[in-house]
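The next block holds one structure in the form of structure tokens; read it before the comments.
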Amino acid sequence: MTTISEDKLKRLQQFLVTLGDGELHALTRAIEYGRSHNFQDIPATKILEMIRPALVEIRPKHIPTRDRVLCEPCEDLFISYTPDVKREALIERKSIAPFVKKTHALLGAKLDAVEKEMIEDFKLQRWNELELRKSELWEMADEAWRTELAAKKSGEARKALLVELGGTDRYEDILEAAACLRVAKSIRDVRLLYPNRPIVRLKKELVEALVAVLSEANDTTPEAAEMVVWTIHRRLKTKTDIMTIFRSMDATKTNWCNGIQQVRDRIEKSLLQELESTAEDLATAIKRGRIAPDALFNELETYLDEMDRLKSSTSRGNAEATKAAALRHIRSISSLVDETVIRSAKKTVTPTIETLLSLVESGSEFTDDVLDMIEKAERIALSFKRVNGIADRIGAKSSFERERQVLDKMLISSENRLKLWLDQHHASNPELAEESVLYFCRLIEIVSGSKRAKDAKHRLFVGLAR
């Protein structure tokens with residue numbers, strides 16, 4: 001294939017992002033047609049990488065080539081990056097080529113014949129027949145792979161297969177891809193229930209339907225049913241939503257196969273590790289105070305929601321560890337929030353208010369240091385305000401209420417002092433006084449609410465206008 005310069009690739013990408021859905025459909029068809037005829041001058045791989053995010057959204061009907069259909073059952077597990085270590089049910093795209101090549105070698109002419117029939121069904125829009133052909137291909141490939149893996153499960157034969165497939169990581173990826181062939185029908189049923197990826201909201205009806213698909217896989221193909229669980233898990237936008245499905249599975253009183261039980265255990269442990277890492281990152285962010293309050297507390301609320309979801313539905317074997325970890329991290333976060341946000345509010349806002357009042361009374365101008373002080377006070381006050389939404393959940397309600405009452409009293413006292421000065425001196429420096437009133441009312445709004453700030457602004461501007 002002709003080498004394309006980086007400059008041309010960049011211009012190509014700039015052009016591709018301008019294409020509409022219909023044009024992307026047509027382009028995808030053209031690329032796949034070119035690939036099927038081995039047109040070497042088409043930079044197919046590069047183009048597909050550039051348009052893949054858009055294709056995920058529009059879900060074009062692809063030409064059912066043998067390679068694409070072979071990979072269809074495991075496509076939700078594909079990743080385009082190389083992880084530090086092999087992670088379960090994440091298949092590098094680099095593993096597609098050896099998987100497809102080996103399947104070709106195992107099936108030979110049978111694969112070519114099915115592909116020809118599938119493409120003919122596609123051209124004539126015989127969609128039911130096409131789905132039957134796909135199932136036929138998956139069954140053939142599954143049988144061939146199981147025979148091959150059984151014959152080469154140990155000794156020199158296994159070593160030779162490892163080398164042929166490209167090493168241990170490739171081998172493990174391909175084992176998962178082959179396992180998906182075994183439950184291809186169930187995986188297809190999962191996608192039919194919610195075609196678009198990711199699954200953003202798990203409504204009750206969808207949960208029940210997904211559990212029904214899992215139940216069928218549990219009964220018919222228990223040896224590979226865990227790949228259906230992984231497929232659902234990888235399709236979820238919020239990974240802890242899988243706990244809602246696990247809770248619904250428990251309600252069915254089904255005797256779940258070992259594969260599903262084991263993968264559930266591993267997913268729960270993995271989610272707990274991820275949430276523990278999230279808690280540590282949040283603790284660091286709170287200590288350093290280098291993240292905007294809204295962003296910090298949004299992340300904190302998300303963490304609490306996900307930890308609640310994990311705690312409420314985890315299996316017996318992981319229940320104690322999950323509760324202990326949640327308690328430990330929430331205590332740590334509560335202590336940090338109390339120290340760096342709740343108690344810091346009074347320490348930061350009070351001297352800032354005092355500085356504002358002193359500026360008005362002395363007629364001094366704002367300096368950069370004062371402006372920095374005001375900015376910091378607003379940031380701490382915003383953080384303090386956001387604590388109100390989670391104070392109960394982290395065990396900080398009493399501390400928050402105590403400090404809020406102290407701040408309210410200080411602000412009322414300061415407002416009275418400022419009002420008295422404005423009434424007596426008629427604002428000898430109106431611009432400075434007006435700016436100070438605005439900053440002061442902004443802090444009142446953050447700490448005590450918009451109604452309280454509106455009343456204060458009206459009262460103080462009356463004095464300022466005299």
Side-chain angles (χ1 to χ4, degrees), residues 281-300 336-389 399-400 403-466:
D281 291 342
L282 285 169
T284 301
I286 294 168
K287 286 178 186 176
R288 294 178 178 175
R290 294 178 183 173
I291 185 170
D294 280 345
L296 171 63
F297 283 92
N298 285 343
E299 289 185 21
L300 186 50
L336 285 168
V337 168
D338 185 51
E339 178 184 348
T340 62
V341 179
I342 295 176
R343 284 186 282 167
S344 287
K346 182 178 66 176
K347 295 176 183 177
T348 307
V349 174
T350 300
T352 302
I353 295 295
E354 179 62 36
T355 299
L356 284 173
L357 295 176
S358 297
L359 284 172
V360 173
E361 292 169 350
S362 65
S364 301
E365 298 296 329
F366 284 94
T367 64
D368 289 342
D369 287 343
V370 172
L371 292 174
D372 288 344
M373 184 181 189
I374 293 170
E375 183 181 350
K376 181 180 179 181
E378 288 186 353
R379 188 171 65 250
I380 291 292
L382 283 167
S383 297
F384 179 82
K385 180 181 180 181
R386 286 299 303 270
V387 171
N388 190 33
S399 177
F400 173 79
E403 292 300 318
R404 186 183 61 79
Q405 291 174 14
V406 171
L407 279 170
D408 278 341
K409 289 179 181 178
M410 181 274 295
L411 289 169
I412 291 169
S413 173
S414 299
E415 180 186 338
N416 291 333
R417 175 182 163 187
L418 184 55
K419 176 70 167 66
L420 180 63
W421 190 90
L422 291 171
D423 287 344
Q424 291 177 348
H425 296 276
H426 306 289
S428 57
N429 189 338
E431 291 183 1
L432 175 64
E434 181 178 341
E435 193 171 4
S436 300
V437 167
L438 290 173
Y439 280 128
F440 178 74
C441 290
R442 168 65 175 155
L443 288 169
I444 291 180
E445 181 179 9
I446 295 171
V447 174
S448 303
S450 57
K451 184 180 183 305
R452 173 81 177 81
K454 183 179 179 180
D455 291 343
K457 190 180 295 185
H458 176 75
R459 183 179 180 224
L460 291 172
F461 270 106
V462 169
L464 189 60
R466 288 183 181 179

- Nearest heavy-atom neighbours spanning V360 and A433: CG2-CA, 4.3 Å
- To the nearest 0.5 Å, atom CZ of R459 lies from atom CG of L418 at 9.5 Å
- Query: Taking atom CD of E299 and atom CD1 of I286, what is their separation to the nearest 0.5 Å?
  - Reply: 10.0 Å
- Message: Show me the pairs that pass salt bridge (Lys or Arg N to Asp or Glu O under 4.0 Å) and involve residues 358-376, at least two apart or across chains.
- Response: E361-R417
- Message: Going by side-chain hydrogen bond (donor to acceptor under 3.5 Å, both in side chains), name the residues that satisfy it together with T350, two or more places apart in sequence or in a different chain.
- Response: none
- Mind checking the CG-CG spacing from L300 to L336? Nearest 0.5 Å is all I need. 10.5 Å
- Could you pull out the closest heavy-atom pair between T352 and A377, with the gap in Å? OG1-CB, 3.4 Å
- Task: Provide the closest heavy-atom pair for R343 versus K347 in the form atom of the first, atom of the second, distance.
- Result: O-CG, 3.5 Å
- Sorted by first residue and then second, give each side-chain hydrogen bond (donor to acceptor under 3.5 Å, both in side chains) pair with at least one member in residues 443-457; sequence neighbours left out. D408-S448, E415-R452, K451-D455
- Message: Testing the basics here: between L432 and S364, what is the closest heavy-atom pair and its distance to 0.1 Å?
- Response: CD2-O, 2.8 Å
- Query: What heavy-atom pair brings L407 and A345 nearest, and what distance separates the two atoms?
  - Reply: CD1-CB, 3.8 Å
- Is there side-chain contact between V387 and F297, with at least one heavy-atom pair below 4.5 Å? yes
- Task: Please identify each residue that fulfils side chain to side chain contact (heavy atoms under 4.5 Å, CB included) with T355, with sequence neighbours left out.
- Result: L359, V370, M373
- Taking only residues at least two apart or on different chains, which pairs with a member in residues 339-384 satisfy ring pair (Phe, Tyr, Trp, His ring centres under 6.0 Å)? F366-Y439, F384-F400
- Heavy-atom closest pair (L296 atom, A285 atom, distance to 0.1 Å) is CD1-CB, 4.2 Å
- Query: Taking only residues two or more places apart in sequence, or in another chain, which ones meet S414 in a side chain to side chain contact (heavy atoms under 4.5 Å, CB included)?
  - Reply: I353, L357, M410, F440
- Message: Just to verify, what does L382 make a side chain to side chain contact (heavy atoms under 4.5 Å, CB included) with, not counting sequence neighbours?
- Response: P293, R442, I446
